[in-house]
Amino acid sequence: MAKWLQSGRRRDMCVLLAAAEDGELSGQRLKTRLERRYDTRIEPKSFYGALDALESAGFVAHREDGIADKYSLTEAGDRRLREQFEWMREALGEEG
């Protein structure tokens with residue numbers, strides 16, 4: 001399994017991107033949604049470091065949209081996220 005999945009934060013960021021209404025989120029919106037999920041503030045350096053690592057690994061793409069950067073899962077990111085979901089489902093004994 002790819003090393004990027006060893007980080008729960010990175011996994012959760014990918015889940016939030018996969019669930020985005022239009023398939024992408026601004027960095028700030030993604031950070032806010034993650035903070036709400038964790039019920040805590042995340043340091044920007046830590047958050048954007050995880051996001052940059054996902055992008056460097058080819059699992060997240062970003063584009064500039066005015067003053068905001070928008071992020072989305074790549075095909076590889078979506079595939080890895082679904083593999084992770086299947087593994088979790090199987091580990092919990094859930095039927096597909």
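Note that the structure is a prediction, hence the values are computed from the model and not measured.
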* **Residues Arg9 and Glu35 bridged, charged N to O under 4.0 Å** => no
* Once you round to the nearest 0.5 Å, how far does CG of Asp69 lie from CD of Glu64? -> 5.5 Å
* **Arg41 atom CZ, over 12 foreign heavy atoms within 6.0 Å** => yes
* Output the distance between atom CZ (Arg36) and atom CG (Asp39), rounded to the nearest 0.5 Å. => 11.5 Å
* Asked: Is the shortest distance from a Lys or Arg side-chain nitrogen in Glu24 or Arg63 to a carboxylate oxygen in the other one below 4.0 Å?
  -> yes
* To do: Evaluate the side-chain proximity of Leu81 to Arg11: yes if any heavy-atom separation is below 4.5 Å, no if none is.
  => no
* Asked: Checking Lys31 side chain against Ile42 main chain: does a donor-acceptor pair fall under 3.5 Å?
  -> yes
* How many angstroms lie between atom CZ of Phe59 and atom CD of Glu75, to the nearest 0.5 angstrom? -> 12.0 Å
* To do: Supply the atom-to-atom distance Leu30 CG to Phe47 CZ, rounded to the nearest 0.5 angstrom.
  => 4.0 Å
* Leu73 versus Cys14: any side-chain heavy-atom pair under 4.5 Å? -> yes
* Heavy-atom donor-acceptor pair, Thr74 side chain to Ala61 backbone, under 3.5 Å -> no
* **Over all atoms of both residues, closest heavy-atom pair of Gly23 and Ser72** => O-CB, 3.2 Å
* Which residue pairs satisfy the salt bridge (Lys or Arg N to Asp or Glu O under 4.0 Å) criterion with at least one member in residues 45-60, sequence neighbours excluded? -> none
* Non-hydrogen atoms of Tyr48 and Gln28 that approach each other most closely -> OH-N, 3.7 Å
* Is any side-chain heavy atom of Leu25 closer than 4.5 Å to a side-chain heavy atom of Lys70? -> no
* Is there a side-chain contact between Glu83 and Trp87 (heavy atoms, below 4.5 Å)? -> no
* Asked: Quick one: CZ on Arg10 to OG on Ser7, what's the gap to the nearest 0.5 Å?
  -> 5.0 Å
* Asked: Do the side chains of Asp12 and Tyr38 get nearer than 4.5 Å, heavy atoms only?
  -> yes
